[in-house]
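Only this structure's heavy atoms are used, side chains among them; waters, hydrogens and symmetry mates stay out. Proteins get letters first, then strands, A, B, ... in listed order; numbering begins at 1 in each.
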Number of protein chains: 2
Amino acid sequence: MLNELTAKMLHPCGECPIRHRAVCARCDDAEQARLDKAKFYRSFEAGQTVIWAGDQMEFVGSVVKGIATLTQTMEDGRRQMVGLLLPSDFVGRPGRSTATYDVVAVTDMVMCCFRKKPFEAMMAETPHIAQRLLEMTLDELDAAREWMLVLGRKTAREKIASLLAVIARRDAALHLREARGAIEFKLPLTREAMADYLGLTLETVSRQISGLKKDGVISLKGKRHVIVPDYDRLSEEAGDDADGGILV
Amino acid sequence: MLNELTAKMLHPCGECPIRHRAVCARCDDAEQARLDKAKFYRSFEAGQTVIWAGDQMEFVGSVVKGIATLTQTMEDGRRQMVGLLLPSDFVGRPGRSTATYDVVAVTDMVMCCFRKKPFEAMMAETPHIAQRLLEMTLDELDAAREWMLVLGRKTAREKIASLLAVIARRDAALHLREARGAIEFKLPLTREAMADYLGLTLETVSRQISGLKKDGVISLKGKRHVIVPDYDRLSEEAGDDADGGILV
DNA sequence: TGTCAACCTTGACACAGATCAAAACGCGCG
DNA sequence: CGCGCGTTTTGATCTGTGTCAAGGTTGACA
């Protein structure tokens, strides 16, 4: 609660770190000002559930800082992650009142939120928001379809390499670098979360990471910090054709 | 070619069978008239490739009749279907010039097409099209994510049951019925296409269908006509919770 | 009516990844 | 510093699905 208060003051849109990629990216100054007045920040701690599938959603919003996951759970407990929410990603679906998936903060996280009703009203009136949201949704659809190939047809080793490549790419994009040559990044997920994303067990994830390490495709500093000496080699292990698939 | 000519005259928008579900569903009469002038029909025969991944896309359009698949192929030939295109589904991505996936007609098929440039212009000017496209894209994203659970976590038997349930639901929706009780439908896919959709081999597909038949979950008339005596039973076999997941 | 090609089914066996189990690591906390 | 707990690694074994191979069915066409 205290957290939420401090977060609330975080910053005016002008200095927002995700301004150029978020739903509001296309808005002009007047539209931005309107959003600025309506927005509020919410913070979540690592491990905290943002929303449960089936719950009423009173807000929509963008991830500003940190990482969250979108997961689906079957009655018997089998789980599948269906999305990884990184800074600038949008949460919530205009026109639908309940959440379809569980949203869980993986790291400490800050979201920029809007109450659903006013946001939908703004969407109807300012086409720039709807346009950008369409673009983002199409990108997510491409990412989901890319992931269908990973889940349906790749081996465990290729799956791990694919996940690392995706994170490496997005991390590079965040730092405005290109994904090639040597790359280092923090791996924000537990082995179990990786398993949930890849349709594997955590034991298999662990073994395959050990395998990639033994073969020099990656090396680790601690458990969660990955060093990729050669991005192209990783991409090859992922089974991606030459230029590493779709940018996420 | 002859086919295309006959198809071209097919019908004015007023009597279009997908009018109420397609991208144009929200358009008013004036907008509809404008689309009517710009549209042209194209026909494809079963087995024909509509477009190859990587090719230039000069048009976008809606499936009016028949079925097509969206597939992704790896260099070594592994294939994953990432979408099933049924009547009213939209093909192509505004703002992108090349196709991301192979689109192949599974049955004889008719599409209602627009050249990409004029369509994009109309989209910019008539928010109704963009709104509907956003809605459709969000639905497809949900479907893709539902499929991620199928691919990542379900057993072969559950996968087959899931596919049959999806087709049964869409077929029921097309005939404006609800999916429950006894249902019969034509199964438009070969075992191989089903395998590509489900991340299985065609042998496993065949064995699991035999299994479901033996256990009375389904029965077959010929190879391609499925009879489901009890939809709820099928849904249960698919591992879906009580009310059968997301409507597609 | 027979022939051919495409599609489907079934069987035997192999193997990738799951499952079960135990031990090692790493980090916060008294 | 050492304790305890969550996370990760590693090992042994099991199993569902893939692979390879051989027939069977169906429908179009001569």
Q. How are the rings of B:Phe59 and B:Phe40 set to each other: parallel, tilted or perpendicular (split at 30° and 60°)?
A. perpendicular
Q: Please tell me which of A:Ala156 and B:Ser210 maps to the more 5' nucleotide of DNA chain C, matching each residue to the nucleotide holding its nearest heavy atom.
A: B:Ser210
Q: Whole angstrom is fine here: how far is it from CG in A:Leu198 over to P in C:dA16?
A: 18 Å
Q. To the nearest angstrom, how far is B:Lys223 atom NZ from D:dG24 atom P?
A. 13 Å
(Q) Let me spell it out: for each of A:Arg153 and A:Glu192, pick the nucleotide of DNA chain D with the closest heavy atom. Which residue's pick is nearer the 5' end? (A) A:Glu192
Q. Touch check for B:Arg157, heavy atoms < 4.0 angstrom, all strands: base, sugar-phosphate only, or nothing?
A. nothing
Q: Please report the closest heavy-atom contact between A:Thr107 and A:Ile67, naming both atoms and the distance.
A: OG1-N, 2.9 Å
Q) Would A:Asp215 and A:Arg157 pass as an ion pair if we require N to O under 4.0 Å? A) yes
Q.
Taking the basic N atoms (NZ, or NE/NH1/NH2) and the acidic carboxylate oxygens, is any pair closer than 4.0 Å for B:Arg93 and A:Asp142?
A. yes
Q: Inspect the contact between B:Glu237 and B:Arg233 and indicate whether a charged nitrogen and a carboxylate oxygen are less than 4.0 angstrom apart.
A: yes
Q. A:Leu151 CG to D:dT17 P: how many Å, rounded?
A. 15 Å
Q) Which residues in residues 199-209 of chain B have at least one heavy atom lying under 4.0 Å from any atom of DNA chain C? A) B:Leu202, B:Glu203, B:Ser206, B:Arg207
